[in-house]
Amino acid sequence: MAQKRVSVTIHSQEKLADGIYSMWLDAPEAAAEAKPGQFIAVYTNDRSRLLPRPISICETDKENGRLRIVYRIAGAGTLEFSEYEAGDRLDIMGPLGNGFTLKDKKAFLIGGGIGIPPMLELAKHLDCEKTAVLGYRDSQTFLADEIGNHAEVLIASEDGSVGTKGNVIDAIKESGQKADVIYACGPTPMLKALKSYAAENGIECWISLEEKMACGIGACLGCVCHTKEIDHHSNVRNTRICKDGPVFLADDVELLSTDEQRERIASGHQTEGCMCGTVKVKED
């Protein structure tokens, strides 16, 4: 199923917050195979937009053969998704990528912004003491109540309107809580900070990377990230987020900004054949 494009029916859709939508799909094959942390590629019905949009799986209902995605309007493609109604059809491919490695350890489930949705399915599957630490811009705390049915919830907001004012690490420090493993999904600056926090505190850390993608199956090399070690087969310091990820052990990848990528290229640090200069696909 993973690399097979199929047509599915939209079961329902609702708006959760400004620009944030929840969509349930009748997709029995994908729902049966999906694991926490995986994603699907969603195609628009506008044939002028050839590339799919990668969207994390928020929740599955295996009994009824349904799959849930929660997404943010980020361009014309996702705007089109938000206009669909129950009964409409669209094409998907997936589930794709790997998922989180479930551990029987005290856990932090950390989501920032649109990295929050995959924490719901993860919280449902983890059988351990767990605390979800969720970072929002403001008081629109979408999915917090639902995740709270499966884990303790700490909230951080940028404007201080709810929970701890600041970021997810501020919320952790304010609570005084500890964990043995971190599962995280969100923007790169948050993941970089969590990687450092985990290293300083001796915590195992798994991160799900967000990246624009093209093929979604590892063929185009349009969504690579930097690795700590050179791959002995390809002789480069890159790996494919869509195929080898999106979940990685934090110690195994380097989270570089665009400027840092440019500096690395200019310095000649990358080996020949490096794809770090690959143009990312922008949603239109």
Side-chain angles (χ1 to χ4, degrees), residues 5-27 30-31 34 37-61 66-97 111-121 134-144 146-147 157-159 185-190 208-217 220 222-223 241-242 246 258 278-284:
R5 179 170 170 171
V6 297
S7 178
V8 298
T9 302
I10 296 172
H11 180 77
S12 64
Q13 176 155 241
E14 64 175 319
K15 182 177 180 180
L16 299 183
D18 291 343
I20 305 292
Y21 287 80
S22 168
M23 180 188 292
W24 278 99
L25 302 170
D26 288 318
Q38 290 186 300
F39 67 97
I40 59 172
V42 186
Y43 294 83
T44 72
N45 289 327
D46 184 341
R47 295 188 178 182
S48 69
R49 303 187 183 101
L50 299 178
L51 299 178
R53 276 59 184 168
I55 301 178
S56 297
I57 295 170
C58 173
E59 192 175 5
T60 60
D61 178 356
R66 293 176 188 144
L67 192 74
R68 184 186 187 189
I69 56 174
V70 172
Y71 62 93
R72 172 182 287 136
I73 295 176
T78 42
L79 176 60
E80 180 184 323
F81 295 157
S82 72
E83 296 168 349
Y84 293 164
E85 299 178 348
D88 289 341
R89 296 186 67 81
L90 50 72
D91 286 0
I92 67 168
M93 183 166 58
L96 300 171
I114 207 60
I116 291 170
M119 295 300 115
L120 177 53
E121 185 73 357
L134 311 177
Y136 297 92
R137 294 174 180 171
D138 50 36
S139 60
Q140 298 188 82
T141 55
F142 60 93
L143 295 178
E146 293 183 64
I147 294 174
S157 58
E158 293 178 12
D159 64 1
C185 182
T188 299
M190 184 194 88
S208 178
L209 303 185
E210 296 180 341
E211 182 58 270
K212 294 203 169 40
M213 299 178 185
C215 72
I217 58 174
C220 70
C223 63
I241 293 176
C242 67
T258 301
T278 302
V279 176
K280 303 301 187 292
V281 177
K282 181 178 180 182
E283 180 173 342
D284 54 13

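- Without hydrogens or angle criteria, R137 side chain to G135 main chain gives no donor-acceptor distance under 3.5 Å.
- Counting heavy atoms from C-beta on, the side chains of F81 and V42 come closer than 4.5 Å.
- When all heavy atoms of C185 and P118 are compared, the pair lying nearest together is SG-CG, 4.0 Å.
- Y136 places a side-chain N or O within donor-acceptor distance of the main-chain N or O of F142, the cut-off being under 3.5 Å.
- Between the SG atom in C58 and the CG atom in L16 there is a gap of 8.5 Å [rounded to 0.5 Å].
- Taking CG from N45 and OH from Y84, the interatomic distance works out to 3.5 Å, rounded to the nearest 0.5 Å.
- Distance OG/S56 to CE/M119: 8.5 Å, rounded to 0.5 Å.
- Relative orientation of the Y21 and Y71 rings is parallel, given thresholds of 30° and 60° on the angle between their planes.
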Evaluation steps, side chain to side chain contact (heavy atoms under 4.5 Å, CB included), between T9 and L25: CA-CA 6 Å; T9 302; L25 302 170; over 6 Å; no
Candidate pair I20 and L143, rule side chain to side chain contact (heavy atoms under 4.5 Å, CB included), full reasoning: CA-CA 11 Å; I20 305 292; L143 295 178; over 6 Å; no
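- In this structure D18 satisfies the side chain to side chain contact (heavy atoms under 4.5 Å, CB included) test together with K15, Q140, sequence neighbours excluded.
- For the residue pair T44 and D46, no side-chain donor N or O sits within less than 3.5 Å of a side-chain acceptor on the partner.
- Take T60 and apply the side chain to side chain contact (heavy atoms under 4.5 Å, CB included) test, not counting sequence neighbours, and it matches A34, I57, K62, L67, E121.
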Side chain to side chain contact (heavy atoms under 4.5 Å, CB included) evaluation trace for V8 with D26: CA-CA 6 Å; V8 298; D26 288 318; 5.8 Å; no
Worked check of side chain to side chain contact (heavy atoms under 4.5 Å, CB included) between E146 and V70: CA-CA 13 Å; E146 293 183 64; V70 172; over 6 Å; no
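- At a threshold of 4.5 Å between non-hydrogen side-chain atoms, the residues L90 and I10 count as touching.
- Summarising the geometry, atom CD1 belonging to I55 is positioned 12.0 Å from atom CG belonging to L96; distances are rounded to the nearest 0.5 Å.
- Distance CD1/I147 to CD1/I116: 6.5 Å, rounded to 0.5 Å.
- Residue pairs satisfying the salt bridge (Lys or Arg N to Asp or Glu O under 4.0 Å) criterion with at least one member in residues 69-83, sequence neighbours excluded, are listed as follows: R49-E80.
- A search for side chain to side chain contact (heavy atoms under 4.5 Å, CB included) contacts involving A31 returns nothing, not counting sequence neighbours.
- To the nearest 0.5 angstrom, F39 atom CZ is 8.0 Å from M93 atom CE.
- By the side-chain hydrogen bond (donor to acceptor under 3.5 Å, both in side chains) test, E59 pairs with R68, K124, sequence neighbours left out.
- In terms of heavy-atom proximity, P95 sits nearest to Q38 at CB-OE1, 3.4 Å.
- Applying the salt bridge (Lys or Arg N to Asp or Glu O under 4.0 Å) test to every pair with at least one member in residues 84-97, sequence neighbours left out, gives these pairs: R5-D91.
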